[in-house]
Novice: 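One structure follows; several queries about it will come next.
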Protein chains: 2
Amino acid sequence: MLRLSKLTDYAIVVLTYMAKNQDGLYSAIEIAKATGVAPPTVSKILKELLKAKVLISTRGAKGGYRLAKTAEKITVASVIGALEGPIALTECSVSNHNHSCEQVSGCEIGGVWGLINQTVFNALEAITLADMLVSVNRRSPQEINIPISSLYR
Amino acid sequence: MLRLSKLTDYAIVVLTYMAKNQDGLYSAIEIAKATGVAPPTVSKILKELLKAKVLISTRGAKGGYRLAKTAEKITVASVIGALEGPIALTECSVSNHNHSCEQVSGCEIGGVWGLINQTVFNALEAITLADMLVSVNRRSPQEINIPISSLYR
DNA sequence: CTATTTAGGACTATTCTAGTCCTCTTTATT
DNA sequence: AATAAAGAGGACTAGAATAGTCCTAAATAG
């Protein structure tokens with residue numbers, strides 16, 4: 001199904017909520033209440049997003065999280081990367097630098113997986129949090145072209 | 001990590017092997033030997049691809065599998081769809097037609113997941129088995145542009 | 001000083017995946 | 001007609017990954 005983990009799904013929900021007020025400072029509990037996602041889970045997600053520098057945190061009482069950049073600069077690819085590690089559809093394309101693949105003739109097509117990964121990555125990199133908000137408000141996102149040949153440069 | 005299952009990975013390996021001789025008739029055992037993937041696993045994959053009409057089978061002695069269409073017409077998206085079901089990054093976008101989402105405010109962004117899914121799907125639909133072969137042979141695939149606005153039509 | 005809130009992990013139960021195996025059906029060959 | 005080769009269709013199991021919870025420590029506002 002080419003599945004994305006639920007945590008990533010929640011992360012987008014959480015970020016979309018936060019992006020409604022770009023400079024707002026939100027506590028984990030506050031976000032949990034607003035989104036309906038369980039508090040410990042929200043907390044876990046926020047920590048991951050913090051580690052990936054998508055968010056900035058303030059500790060202590062009256063602390064919370066805020067977006068580290070504008071919604072236009074937060075891409076879906078970076079959110080996925082934050083929660084699931086580098087985007088790579090197959091094991092091979094991420095780990096085949098040092099050890100060779102165990103398939104006899106399989107990895108001849110390693111280059112192809114690179115192509116597929118890049119294609120998907122570019123698609124996800126082209127969508128930002130801002131687009132998400134825009135979509136919620138029923139307007140059209142900007143035009144983006146992705147020439148496949150560019151992946152080879 | 002936006003992972004693709006290993007079975008899908010193997011499926012591409014298997015199909016790429018079969019595409020080298022477009023009209024060839026291959027038995028599961030033969031493919032297993034050539035690719036290094038375990039025979040029962042190859043068999044499982046071939047059955048799935050058959051169900052999805054990517055392959056045609058001939059039963060009985062001297063039987064086997066062959067490609068149902070030319071390599072140019074077999075897209076990566078269809079192969080993924082065959083092994084993992086419809087391409088949908090999140091639960092919501094595939095099942096939200098009848099029951100509403102349990103998140104309080106989450107599914108406002110349902111339309112956005114649709115956008116993301118479509119973008120990824122288009123990217124994968126644009127790559128064919130023929131591109132895989134071409135890539136193995138170190139040539140460039142054709143130029144393809146994917147305007148995001150088209151996803152809204 | 002105390003309440004609040006993040007930081008950083010450890011931990012567990014459940015779900016999913018990969019992989020195997022078994023039985024049945026079909027067909028070519030002799 | 002008998003036999004061997006091959007696919008069809010599931011059932012099943014072990015292991016891995018995921019989702020989700022919880023606990024303790026550290027920081028800060030008031």
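Residue numbers start from 1 in every chain, and the chains themselves are labelled A, B, ... in the order their sequence lines are given, proteins ahead of strands.
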Novice: With the criterion being N/O to N/O and under 3.5 Å, what pairs connect the protein with nucleotides 14-16 of chain D, and how long is each?
Specialist:
none

Novice: Spell out yes or no: do the side chain of A:Lys44 and the base of D:dG20 have one donor N/O and one acceptor N/O closer than 3.5 Å?
Specialist: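 When only heavy-atom distances are counted, A:Lys44 does reach the base of D:dG20 through a donor-acceptor pair under 3.5 Å.
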Novice: Quick one: does A:Thr8's side chain have a donor or acceptor within less than 3.5 Å of a partner on A:Leu4's backbone?
Specialist: no
Novice: When all nucleic acid strands are considered with a 4.0 Å heavy-atom cut-off, which category describes A:Ile29: base, sugar-phosphate, or nothing?
Specialist: nothing
Novice: Given atom CG of B:Leu50 and atom P of D:dA6, what is their separation to the nearest angstrom?
Specialist: 17 Å
Novice: Rounded at 0.5 Å granularity, tell me how far CG in A:Leu7 sits from CD1 in A:Ile80.
Specialist: 13.0 Å
Novice: Rounded to the nearest Å, what distance is computed from the CD atom of residue A:Glu48 to the P atom of nucleotide C:dA7?
Specialist: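 Atom-to-atom, A:Glu48 to C:dA7, this comes out as 12 Å.
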Novice: Kindly point out which of C:dA7, C:dA18, D:dG9 is positioned nearest to the side chain of B:Lys47?
Specialist: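 Of all the options, the side chain of B:Lys47 is nearest to D:dG9.
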Novice: Taking all heavy atoms of B:Ala71 and all of B:Thr128, pick out the closest pair and write down the distance.
Specialist: O-CB, 3.6 Å
Novice: Tell me: CD of B:Glu84 to C1' of C:dT17, nearest whole Å?
Specialist: 10 Å
Novice: Between D:dA19 atom C1' and A:Leu4 atom CG, what is the distance in whole Å?
Specialist: 14 Å
Novice: Establish, with yes or no, whether the OP1 or OP2 oxygen of C:dT6 is under 4.0 angstrom from a side-chain nitrogen or oxygen of A:Ser43.
Specialist: no
Novice: Do any pairs count as a side chain to side chain donor-acceptor pair (under 3.5 Å) and have a residue in residues 51-73 of chain A, sequence neighbours left out, and if so which ones?
Specialist: A:Thr70-A:Glu72
Novice: Would you mind reading off the distance between A:Tyr10 atom OH and D:dA19 atom C1', rounded to a whole angstrom?
Specialist: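 So the OH-C1' distance, A:Tyr10 to D:dA19, works out to 8 Å.
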Novice: Taking all non-hydrogen atoms of both residues, which atom of A:Thr75 and which atom of A:Ser78 are closest, and how far apart?
Specialist: O-OG, 2.7 Å
Novice: If you only use heavy atoms from C-beta on, which nucleotide in D:dG7, C:dT6, C:dA18 is closest to the side chain of B:Tyr65?
Specialist: D:dG7
Novice: It should be established whether A:Thr41 places a side-chain nitrogen or oxygen under 4.0 Å from OP1 or OP2 of nucleotide D:dT21.
Specialist: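 The answer is yes; a side-chain N or O of A:Thr41 sits under 4.0 Å from OP1 or OP2.
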Novice: B:Leu83 CG to C:dG19 C1': how many Å, rounded?
Specialist: 14 Å
Novice: Would you indicate whether the side-chain heavy atoms of A:Asn21 and A:Tyr26 approach each other to under 4.5 Å?
Specialist: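 When only atoms from C-beta onward are counted, A:Asn21 and A:Tyr26 do touch, with a gap below 4.5 Å.
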Novice: Is there side-chain contact between A:Leu124 and A:Phe121, with heavy atoms separated by less than 4.5 Å?
Specialist: no
Novice: Could you tell me which non-hydrogen atom of B:Leu83 sits nearest to which non-hydrogen atom of B:Ala11, and how far apart they are?
Specialist: CD1-CB, 3.2 Å
Novice: Are B:Leu129 and B:Met18 side-chain neighbours, meaning at least one heavy-atom pair lies under 4.5 Å?
Specialist: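 No, too far: nothing below the 4.5 Å cut-off.
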Novice: Using a cut-off of 4.0 Å on non-hydrogen atoms, how would the nucleic acid contact of A:Leu7 be classed: base, sugar-phosphate, or nothing?
Specialist: sugar-phosphate
Novice: Which residues within residues 54-62 of chain A lie with some heavy atom under 4.0 Å of an atom in DNA chain C?
Specialist: A:Ser57, A:Thr58, A:Arg59, A:Gly60, A:Ala61, A:Lys62
Novice: If you compare all heavy atoms of B:Ile74 against all heavy atoms of B:Leu67, which two are closest, and at what distance to 0.1 Å?
Specialist: CD1-CD2, 4.2 Å
Novice: Between D:dA6 atom C1' and B:Lys33 atom NZ, what is the distance in whole Å?
Specialist: 13 Å
Novice: How close or far is atom C1' of C:dT4 from atom CG of A:Leu25, stated in whole angstroms?
Specialist: 13 Å
